[in-house]
Amino acid sequence: MTSDLEQFYASRQGQLARRLIGLQLRQLWPEVAGKTVAGLGFAMPYLDVFAEEAATTVALVPAGSIVQRWPEEGPNRLAIFQEDEIPLADQSVNLMLLVHVLETCRSLDRLMREIWRVLADDGRIVLIVPNRHGVWSLSDTTPFGQGSPFTAGQVQRLLARHLLVRGEIRRAMFVPPWNLKLLQRLAFPLERAGQRLWPQFAGIILAEAQKQLYLGAPAFQVARPRRRQYVALPQAAARTAEHAAVRMLAPNDRRPPRR
């Protein structure tokens with residue numbers, strides 16, 4: 001699957017998607033200096049924007065993906081994750097970006113529980129998902145037409161159910177998914193018109209949320225905890241995998257109850 005995504009983002013369509021979605025993402029996260037930024041799924045094309053500014057950036061791809069190193073130069077900052085186990089320490093991530101992961105996820109509850117665990121107390125996430133009402137979700141020749149698309153309401157309910165306070169909702173990709181040079185030239189005018197006139201038909205939804213610390217009605221059933229190992233992210237001064245610290249979590253480490 002990863003090779004298909006790499007081919008898409010190397011194409012004209014993929015480069016356009018990267019620019020249009022990246023524009024909205026940058027407005028959601030205008031300042032990332034000193035932050036730890038993690039991407040789940042296939043977030044590398046969007047993490048590149050923050051790599052020089054953030055203290056640390058790390059990309060995590062699903063197990064079974066055909067993995068290439070990232071970035072191309074310098075120390076590798078790419079790792080593999082399972083839906084029920086993200087190999088990062090508790091509260092180690094300030095900003096997390098999810099791209100090409102929720103629509104094909106087999107267990108959203110397990111994945112969202114792990115995301116809540118690794119987020120810092122003031123941590124934020126952005127979900128980038130195909131819009132069910134947009135034409136990109138109907139195109140099986142792009143990664144945005146794979147898996148299950150979402151509506152804005154579904155995304156908001158998913159966040160609320162997993163103790164994540166909904167923030168701003170943004171939309172992108174009003175240009176149709178046709179690989180035509182004319183549409184490439186008209187992409188930005190269409191984007192501006194779509195934002196004003198028909199936002200419900202955007203191809204992509206970007207939903208931001210913040211970690212909620214107080215407990216409401218539990219979204220998970222309490223289960224017997226497992227003992228795992230997690231890798232702590234490197235400090236800003238180190239930035240290499242060799243400086244990552246490995247520690248065993250104690251059974252009383254704080255995390256949301258299991259479902």
Side-chain angles (χ1 to χ4, degrees), residues 1-9 14 17-18 21-22 24-25 28-29 36-50 57-68 70 77-88 92-119 123-132 134 136-137 139-140 142-152 154-159 161-164 166-167 169-173 203-209 211 219 230 259:
M1 179 62 178
T2 303
S3 60
D4 294 337
L5 288 165
E6 289 174 342
Q7 291 176 12
F8 172 75
Y9 280 104
R18 181 178 179 177
I21 295 172
Q24 299 299 323
L25 179 61
L28 288 171
W29 290 345
T36 295
V37 182
L40 254 64
F42 193 81
M44 291 81 83
Y46 305 98
L47 288 177
D48 285 335
V49 178
F50 305 112
T57 53
V58 60
L60 299 125
V61 298
S65 299
I66 302 173
V67 181
Q68 302 292 332
W70 180 85
R77 284 177 276 140
L78 185 144
I80 293 173
F81 76 96
Q82 302 278 353
E83 290 176 359
D84 62 347
E85 188 167 4
I86 297 175
L88 299 175
S92 59
V93 175
N94 303 116
L95 301 171
M96 180 171 285
L97 175 64
L98 278 72
V99 190
H100 303 304
V101 61
L102 292 184
E103 54 266 41
T104 57
C105 182
R106 291 170 298 178
S107 179
L108 284 176
D109 287 340
R110 291 180 179 179
L111 179 62
M112 297 303 291
R113 172 176 52 80
E114 279 292 280
I115 290 169
W116 196 96
R117 178 185 64 78
V118 303
L119 279 177
R124 291 181 174 273
I125 67 170
V126 168
L127 312 182
I128 296 179
V129 294
N131 179 16
R132 186 179 297 276
W136 282 84
S137 68
S139 174
D140 58 4
T142 77
F144 299 111
Q146 310 301 317
S148 301
F150 290 80
T151 65
Q154 288 173 327
V155 172
Q156 292 169 5
R157 289 190 291 273
L158 175 68
L159 293 170
R161 193 167 74 246
H162 294 89
L163 301 179
L164 293 162
R166 177 175 61 87
I169 299 287
R170 286 182 170 266
R171 294 169 172 85
M173 301 289 287
I204 303 300
I205 295 173
L206 297 91
E208 188 191 33
K211 184 174 181 178
Y230 295 102
R259 185 168 183 175

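Here the structure is a predicted model, which is why all the values come from computation and not from measurement.
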Please report the shortest heavy-atom distance between [X] and [Y], naming the atom on each side.
{"X": "S137", "Y": "N131", "result": "OG-O, 3.3 Å"}
{"X": "I169", "Y": "A207", "result": "CD1-CB, 3.4 Å"}
{"X": "A152", "Y": "R171", "result": "CB-NH2, 3.6 Å"}
{"X": "L111", "Y": "C105", "result": "CD2-SG, 3.9 Å"}
{"X": "F81", "Y": "P62", "result": "CE2-N, 3.4 Å"}
{"X": "P45", "Y": "R18", "result": "O-NE, 2.9 Å"}

Query raised in the report: Backbone N or O of I86 within a donor-acceptor pair of the R117 side chain at under 3.5 Å?
Result: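 Indeed, once roles are kept as given, a pair shorter than 3.5 Å links the two residues.
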Report task. Would you check if the side chain of R132 reaches a backbone N or O of P149 as a donor-acceptor pair within less than 3.5 Å? Result ->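 Checking the backbone N and O of P149 against the side chain of R132, a donor-acceptor pair under 3.5 Å is found.
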Query raised in the report: When the aromatic ring centroids of H100 and Y46 are compared, is their separation below 6.0 Å?
Result: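 Centroid separation for H100 and Y46: 6.0 Å or greater.
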Nearest-0.5 Å distance, [atom1] of residue [X] to [atom2] of residue [Y]:
{"X": "E83", "Y": "I115", "atom1": "CD", "atom2": "CD1", "result": "10.0 Å"}
{"X": "S148", "Y": "Q154", "atom1": "OG", "atom2": "CD", "result": "9.0 Å"}
{"X": "L60", "Y": "L98", "atom1": "CG", "atom2": "CG", "result": "10.0 Å"}
{"X": "R170", "Y": "I128", "atom1": "CZ", "atom2": "CD1", "result": "12.5 Å"}
{"X": "E114", "Y": "S107", "atom1": "CD", "atom2": "OG", "result": "10.5 Å"}
{"X": "F42", "Y": "L47", "atom1": "CZ", "atom2": "CG", "result": "10.5 Å"}

Query - Step-by-step side-chain contact (heavy atoms from CB on, under 4.5 Å) determination, T36 to L95 - result: CA-CA 6 Å; T36 295; L95 301 171; over 6 Å; no
State, yes or no, whether a side-chain contact exists between [X] and [Y] at a heavy-atom distance under 4.5 Å.
{"X": "L127", "Y": "L206", "answer": "no"}
{"X": "K211", "Y": "W116", "answer": "yes"}
{"X": "L97", "Y": "I125", "answer": "no"}
{"X": "Q24", "Y": "I204", "answer": "no"}
{"X": "N94", "Y": "L119", "answer": "no"}

Requested in this report: Take Q156 and T151, measure what side-chain contact (heavy atoms from CB on, under 4.5 Å) needs, and give me the verdict at the end.
Outcome: CA-CA 9 Å; Q156 292 169 5; T151 65; over 6 Å; no
Query raised in the report: Got more than 12 heavy atoms from elsewhere within 6.0 Å of CD, Q82?
Result: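 Atom CD in Q82 is not crowded, with 12 or fewer foreign heavy atoms closer than 6.0 Å.
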Query raised in the report: With sequence neighbours excluded, what pairs up with T142 under the side-chain contact (heavy atoms from CB on, under 4.5 Å) test?
Result: F8, Q13, W136, S139, F144
**Report entry** Short N-O contact, D84 and R113, less than 4.0 angstrom
**Finding:**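 The answer is no: the pair does not qualify as a salt bridge.
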Report task. Begin with the C-alpha distance, continue with both residues' side-chain angles, and end with the deciding distance and a verdict on side-chain contact (heavy atoms from CB on, under 4.5 Å) for L88 and V93. Result -> CA-CA 8 Å; L88 299 175; V93 175; 3.8 Å; yes
Requested in this report: Flag this pair as yes if the NZ/CZ of R77 is under 6.0 angstrom from the six-membered ring centre of W70 and inside a 45 degree cone about the axis; otherwise no.
Outcome: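 Yes.
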Query raised in the report: Going through the checks in order, is the side-chain contact (heavy atoms from CB on, under 4.5 Å) test met by V129 and V99?
Result: CA-CA 7 Å; V129 294; V99 190; over 6 Å; no
